[in-house]
Amino acid sequence: MQASLIPDPFAPTVPPEASASPQPAPDDAGLLESYSNAVIGTVRRAGPAVVHIAVEKDKGHGGAGSGFLISPDGLLVTNSHVVHGATKLHVQTSDGRLTRADLVGDDPDTDLAVARIDLPGLPHVGFADSSEVRVGQIAVAIGNPFGFDNTVTAGIVSALGRTFPSSTGRLIDNVLQTDAALNPGNSGGPLLDTRGRVIGVNTAIIAAAQGICFAIGSKTAEFIASWLIKEGHIRRAHIGVAGQDASIHERVARFHQLRQRSGVLVHTVEPGSAAAEAGVQPNDLLIWLDSEELRSVHELHRLLVLREPNRKSRLTVLRKHELVHLWITPREQK
């Protein structure tokens, strides 16, 4: 008689994954090749749209910077500090064509400007949504540092939500920090993701540091550029705070029956400003201006550009998880 096969209850069990063939360790060379290909792809897609800008100013002064084309009809974005006060602008495209440029408008408060060139067959790049950028993602910078055209550096996004002073003293909000190397001449060039989309406009470095560079977020850049193209300048109301996007705790949002899950966290309040007179404090979370939700710094900027100055408004803030209603009168930016 054939004996039946009965499993031994004391036999060691072998997990299914242990019986499978061992998985090879990650191939360092392969990972580096993937990183290299990502950067190469970014440069191939976006590099042709990056331009070199030479600036002439009064009394023989001049300078240079970078920019990038955002439309096939020659509109380009750069920094205000690159072109502000220029008497003449000369632009060289990545394929070597040299032409004059006309300034469409500039906004020193956000250090952004738009110019236009008139050439056929111009490549261009699009904007990504900088609110979706994450710390640690690859960032590629293209520009013309010290006159070395079409220079590429790569690194990561080091931090989000930084503030940085513009030439007017106003703080630029929601600035990206990156360790992609920037040098004089990179100003106005694009900071790109691996799909070749603009996530920021390179604007500044800290000279005494290494790997601490800053770019204006693409959401701000796209919004300001669209108004400069439309109006030639930015007419905005001003409340006098600097801050960053911040989330609202789920329990707090449910308690106050808020639809939104984010607001603007106040870092600083300018003395004597509309916000100071209204009683806004550091660490307040701005959530409403009248009936409009303030889900981000971008939303606040949008409303202040569209809002008539000197109109009294109700500003609602979360202060230590309590709703506080303040009356504020935004002033026209001089």
Side-chain angles (χ1 to χ4, degrees), residues 42-43 46-71 74-119 122-125 139-155 164-168 172 175-176 178 180-192 198 200-216 218 221 224-225 228:
T42 299
V43 176
V50 179
V51 300
H52 184 183
I53 302 174
V55 180
E56 292 183 27
K57 297 185 179 181
D58 289 332
K59 299 180 181 179
H61 297 297
S66 304
F68 55 94
L69 293 156
I70 59 170
S71 70
L75 288 169
L76 65 90
V77 171
T78 185
N79 283 148
S80 171
H81 78 258
V82 171
V83 298
H84 189 73
T87 55
K88 291 183 180 179
L89 296 175
H90 302 278
V91 170
Q92 183 173 325
T93 61
S94 62
D95 58 5
R97 290 181 288 175
L98 186 65
T99 185
R100 284 190 58 173
D102 296 316
L103 184 63
V104 175
D106 78 306
D107 181 39
D109 281 344
T110 56
D111 197 22
L112 292 166
V114 174
R116 187 193 295 272
I117 61 175
D118 184 14
L119 288 174
L122 292 171
H124 62 283
V125 290
V140 179
I142 307 178
N144 308 286
F146 296 109
F148 292 99
D149 292 350
N150 305 310
T151 296
V152 179
T153 57
F164 199 87
S166 68
S167 60
T168 63
I172 306 171
V175 172
L176 309 181
T178 178
L182 302 178
N183 288 285
N186 273 113
S187 293
L191 189 69
L192 303 149
V198 177
V201 181
N202 299 319
T203 188
I205 62 174
I206 295 181
Q210 293 184 354
I212 302 180
C213 307
F214 299 98
I216 302 158
S218 58
I224 294 297
L228 290 175

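These numbers come from a predicted model, not from an experiment.
Interatomic distance, CG of Asn150 versus CD1 of Ile142, reported as 8.0 Å (0.5 Å rounding). Atom-to-atom distance recorded for His90:NE2 and Arg100:CZ is 6.0 Å, nearest 0.5 angstrom. Residue Phe68 holds its CZ atom at 10.0 Å from CG of Leu191, rounded to the nearest 0.5 Å. Summarising the geometry, atom CG belonging to Asp149 is positioned 4.5 Å from atom CG belonging to Asn144; distances are rounded to the nearest 0.5 Å. Rounding to the nearest 0.5 angstrom, the gap separating the OG1 atom in Thr99 from the CG atom in Leu119 is 4.5 Å.
The backbone N or O of His84 sits less than 3.5 Å from a side-chain atom of Lys57, completing a donor-acceptor pair. Asn202 contributes no side-chain N or O that, together with a main-chain N or O of Ser187, makes up a donor-acceptor pair within less than 3.5 Å. Looking at Asn186, its side chain does come within 3.5 Å of a backbone N or O of Asn183 through a donor-acceptor pair. Between the side chain of Asp118 and the main chain of Gly74, no donor-acceptor pair closer than 3.5 Å is present. Side chain of Asp106 to main chain of Ala113: no donor-acceptor pair is present (N/O by atom type, distance under 3.5 Å, no hydrogens or angles). Judged by distance alone, the side chain of Thr93 and the main-chain N or O of Leu98 form no donor-acceptor pair under 3.5 Å.
At a threshold of 4.5 Å between non-hydrogen side-chain atoms, the residues His81 and Thr203 count as touching. Residues Leu122 and Arg97 have side chains in contact (heavy-atom distance under 4.5 Å, counting atoms from C-beta outward). Between Val140 and Thr153 the shortest side-chain heavy-atom distance does not fall below 4.5 Å. Put simply, the side chain of His124 does not reach to within 4.5 Å of the side chain of Ile70, judged on heavy atoms. Under the 4.5 Å side-chain criterion, counting only non-hydrogen atoms from C-beta, Val125 is not in contact with Leu69. By the 4.5 Å heavy-atom criterion applied to side chains, Leu89 and Asp102 are not counted as neighbours.
The two atoms that bring Thr78 and Gly188 nearest to each other are OG1-CA, 3.6 Å, heavy atoms only. In terms of heavy-atom proximity, Ala204 sits nearest to Leu182 at O-CD1, 4.2 Å. Between Val77 and Ala225, the shortest heavy-atom contact is CG2-CB, 4.1 Å. The two residues Pro190 and Val198 make their nearest non-hydrogen contact at CB-CG2, 4.0 Å. Across Ile216 and Thr110, no two heavy atoms sit closer than the pair CD1-O, 3.0 Å. Summarising the geometry of Ala215 relative to Val175, their closest heavy-atom pair is O-CG1, 3.3 Å, with the distance given to 0.1 Å.
In summary, the side chains of Ser80 and Asp107 do not present any donor paired with an acceptor at a separation below 3.5 Å, with no hydrogens or angles considered. No hydrogens or angles considered: nothing links the side chains of Asp111 and Ser166 as a donor-acceptor pair under 3.5 Å. Using modelled atom types, one finds no donor on one side chain facing an acceptor on the other under 3.5 Å when comparing His52 with Ser66.
Put simply, the residue from Val51, Val114, Val50, Val104 that forms a side chain to side chain contact (heavy atoms under 4.5 Å, CB included) with Leu76 is Val51.
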